[in-house]
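What follows is a short report on a single structure.
Count residues from 1 along the sequence. Just the heavy atoms: all of them, side chains too, but no hydrogens, waters or symmetry mates, feed the values below.
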Amino acid sequence: MAKFTWGESVRIAEDAPASVRPGTPAEVVGISERRDGHGSHLQGFPGGVVYTVEFEDGSDTEVDEEYLVPLASKDEVK
């Protein structure tokens with residue numbers, strides 16, 4: 001079951017790969033479940049939920065669920 005829902009504001013976790021822009025806020029615009037299957041574009045991800053997120057600049061990427069945190073859960077005020 002997906003931890004986040006479509007349209008939810010999230011932040012890419014600080015320990016995420018550099019290619020998915022760690023620490024950057026984004027919005028969930030797609031949700032897919034990684035299942036073993038031939039020809040799946042999600043083959044590079046571990047099993048589980050993969051999200052398509054869109055950044056403020058309009059670009060998007062796919063991110064494994066483990067690398068997303070709710071936007072409000074991050075220490076926003078330092």
Check: Between D15 and Y67, is a side-chain contact (heavy atoms from CB on, under 4.5 Å) present by the stated rule, with each step listed?
Finding: CA-CA 7 Å; D15 63 342; Y67 295 125; 4.0 Å; yes

Check: How about V29 and W6: do any of their side-chain heavy atoms sit closer than 4.5 Å?
Finding: yes

Next item on the list: Not counting sequence neighbours, which residues clear side-chain hydrogen bond (donor to acceptor under 3.5 Å, both in side chains) with E27? List them please.
Entry: none

Next item on the list: Would you kindly say whether E65 and Y51 are connected by a side-chain donor-acceptor distance under 3.5 Å?
Entry: yes

Notebook entry, point to check: Got a second to check how far I31's CD1 is from T52's OG1, nearest 0.5 Å?
Noted result: 9.0 Å

Checklist line | Heavy-atom pair of closest approach, residues E62 and V20 | finding: O-CG1, 3.8 Å

Notebook entry, point to check: Going by heavy atoms in the side chains, are V53 and I12 under 4.5 Å from each other?
Noted result: yes

Next item on the list: Report the C-alpha distance between V69 and V10 in whole Å, list the side-chain angles of each, state the deciding distance to 0.1 Å, and finish with yes or no for side-chain contact (heavy atoms from CB on, under 4.5 Å).
Entry: CA-CA 6 Å; V69 294; V10 294; over 6 Å; no

Checklist line | Between OG1 on residue T24 and CD on residue E56, distance to nearest 0.5 Å | finding: 9.0 Å

Next item on the list: Applying salt bridge (Lys or Arg N to Asp or Glu O under 4.0 Å), name anything that partners D57, two or more places apart in sequence or on another chain.
Entry: R21

Item checked: Partners passing side chain to side chain contact (heavy atoms under 4.5 Å, CB included) against S19 (at least two apart in sequence or in another chain) -> P17

Check: Hey, what do you get for CG (L68) to NZ (K3), rounding to the nearest 0.5 Å?
Finding: 8.0 Å

Notebook entry, point to check: Closest heavy-atom contact between P25 and R11?
Noted result: CD-NH1, 3.7 Å

